[in-house]
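FYI, the numbering just counts along the sequence from 1. What you see is a predicted model; the values in this text were computed from it and never measured.
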Amino acid sequence: MVGYDRLQPANSDLFGFSGEIVKVEGQIELPLLVGKSPHQAFAMVNFLVVRATSAYNATLGRPGQNLLRAIALAYHQKMKFITPCGVWKVKGDQLQSRECYATALKGKNASEALPIELQDLRDETRTMISQPAEDLIPIALYEDD
């Protein structure tokens, strides 16, 4: 494995996508560049290295997102981040995501799979309106207001 000698010790284990414990081999700091010029963000990110079969090459967790000053929008499969040219985004591919998920589940029992249920809510006529749990008390922010 190229760069295996660059692994630093990491004393933590991870939970896999289906809940199993995955032993961490070590961690490595790598440069990460997201976006396309001139809308790019760069960070040196610590990645945890595991020896496991996976449909993914890498996953970017909260520490990496924080270094990029990024916000991940899982539902929309987008990640927005700050660049010198302003806020930019990268977008995922729903079909490829489904293929990765299916690959990750190969060899698993159906009971271990995360159930996905599609619902069409476009015809939903009910409108949910939030109500306060208790009476609200006005608080003055300024003495003369």
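- Considering all non-hydrogen atoms of both residues, Pro138 and Leu136 come closest at CD-O, 3.9 Å.
- Shown here for Pro9 and Gln27, the closest heavy-atom pair between the two residues is O-NE2, 3.7 Å.
- A 4.5 Å side-chain heavy-atom check between Leu14 and Ile21 finds every atom pair outside the cut-off.
- Within 6.0 Å of CG in Asp93 there are more than 12 heavy atoms belonging to other residues, nucleotides or ligands.
- Not one N or O on the side chain of Gln40 forms a donor-acceptor pair closer than 3.5 Å with the backbone of Thr83.
- Heavy-atom minimum distance, Phe81 versus Ala41: CD1-CB, 3.5 Å.
- Residues Val49 and Val24 do not share a hydrophobic cluster, clusters being chains of Ile/Leu/Val/Met/Phe/Trp/Tyr side chains in contact below 4.5 Å.
- Residue Pro38 comes nearest to Cys85 through the heavy atom pair O-SG, 3.6 Å, listed as atom of the first residue, atom of the second, then distance.
- In this structure, Glu25 and Val50 have side chains that are not in contact, with every pair of non-hydrogen atoms separated by 4.5 Å or more.
- The main-chain N or O of Gln94 is found under 3.5 Å from a side-chain atom of Gln77 such that the two form a donor-acceptor pair.
- The line from CZ of Phe47 to CD of Glu29 is 10.5 Å long, rounded to the nearest 0.5 Å.
- What you find for Leu48 and Ser12 is that their closest heavy atoms are CD1-OG, 4.4 Å.
- Note on Met44: it clusters hydrophobically with Leu33, by side-chain heavy-atom contacts below 4.5 Å among ILVMFWY residues.
- Both Leu7 and Leu30 are part of a single hydrophobic cluster, where members link through side-chain heavy atoms under 4.5 Å apart.
- Here Met79 contributes atom CE and Leu68 contributes atom CG; the two are 5.5 Å apart, rounded to the nearest 0.5 Å.
- Hydrophobic clustering (side-chain heavy atoms under 4.5 Å, transitive across Ile, Leu, Val, Met, Phe, Trp, Tyr) keeps Ile28 apart from Val22.
- Atom NZ in Lys78 sits 5.0 Å away from atom NZ in Lys89 (nearest 0.5 Å).
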